[in-house]
Amino acid sequence: MRPGFTVVELCVVLAVAGLLAAAAWPSFHAQLQRGRRADAVAALLRVQQAQESHRAHHGLYAAQLQALRGAAAARSDQGLYDIELSGGGAGYEARAMARAGGAAASDTRCAPLRLRVHEGIADFAPSAACWNH
């Protein structure tokens, strides 16, 4: 007999490795989505900070992104999300929408991320888990 592994032993090892990989994939995929979502969270928090600065100087929230210093970009830093702003005056809503066909488009559970602010009170939607809290 020659030393080494039999075909049966190799098949068992490959089967166990496949089972471990299949069990780990959902967790790995969730972490990838959470990391991509951080791009949207950062962009929306930047909008919130710029809106509060605008309100401090002008007494009202801005109605357009272009009026905000430091947060006027309509796309997140990594380009995974489009940023939209509506409202103005006493309140606003900022949304981060995953770009169609992009890496974050599969994150349907947290689409879109929304930040609603009315008279300085913030509401983070759809849930705190989506905001990586």
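Numbers here simply count residues along the sequence, with the first being 1.
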CG-CZ distance between D39 and R75, expressed to the nearest 0.5 angstrom: 11.0 Å

Heavy-atom side-chain proximity of R46 to Q48 below 4.5 angstrom: no

Counterpart residues, ring pair (Phe, Tyr, Trp, His ring centres under 6.0 Å), relative to H57 (two or more places apart): none

Stepwise salt bridge (Lys or Arg N to Asp or Glu O under 4.0 Å) test for D107 and R36: CA-CA 9 Å; D107 188 9; R36 291 180 190 121; over 6 Å; no

Donor-acceptor contact below 3.5 Å, side chain W131 vs main chain A125: yes

Heavy-atom pair with the smallest gap, counting every atom of A71 and L65: O-CD2, 3.5 Å

Straight-line distance of L85 CG to R95 CZ, nearest 0.5 Å: 8.0 Å

Shared hydrophobic cluster for I83 and M97 (ILVMFWY, side-chain gaps under 4.5 Å): no

Euclidean distance, Y92 OH relative to L115 CG, rounded to 0.5 Å: 4.5 Å

R109 versus S127, side-chain donor and acceptor atoms under 3.5 Å: no

Non-hydrogen side-chain atoms of L68 and S53 separated by less than 4.5 Å: no

Residue pair R37 / C110, side-chain heavy-atom distance below 4.5 Å: yes

E52 side, atom CD; H54 side, atom NE2 - distance, nearest 0.5 Å: 11.5 Å

Whether S76 side chain and Y81 backbone form a donor-acceptor pair below 3.5 Å: yes

Heavy-atom side-chain contact between V12 and F5 under 4.5 Å: no

Flag, side chain of Y61 to backbone of G120, donor-acceptor distance under 3.5 Å: yes

Distance (rounded to the nearest 0.5 Å) between R114 CZ and C130 SG: 9.5 Å

Atom of A96, atom of L44 and distance for their closest heavy-atom approach: CB-CD1, 3.9 Å

Spacing of H118 atom NE2 and D123 atom CG [to the nearest 0.5 Å]: 12.0 Å

Candidate pair L20 and V16, rule side-chain contact (heavy atoms from CB on, under 4.5 Å), full reasoning: CA-CA 6 Å; L20 289 175; V16 169; 4.2 Å; yes

Flag if over 12 foreign heavy atoms under 6.0 Å of CD, E9: yes

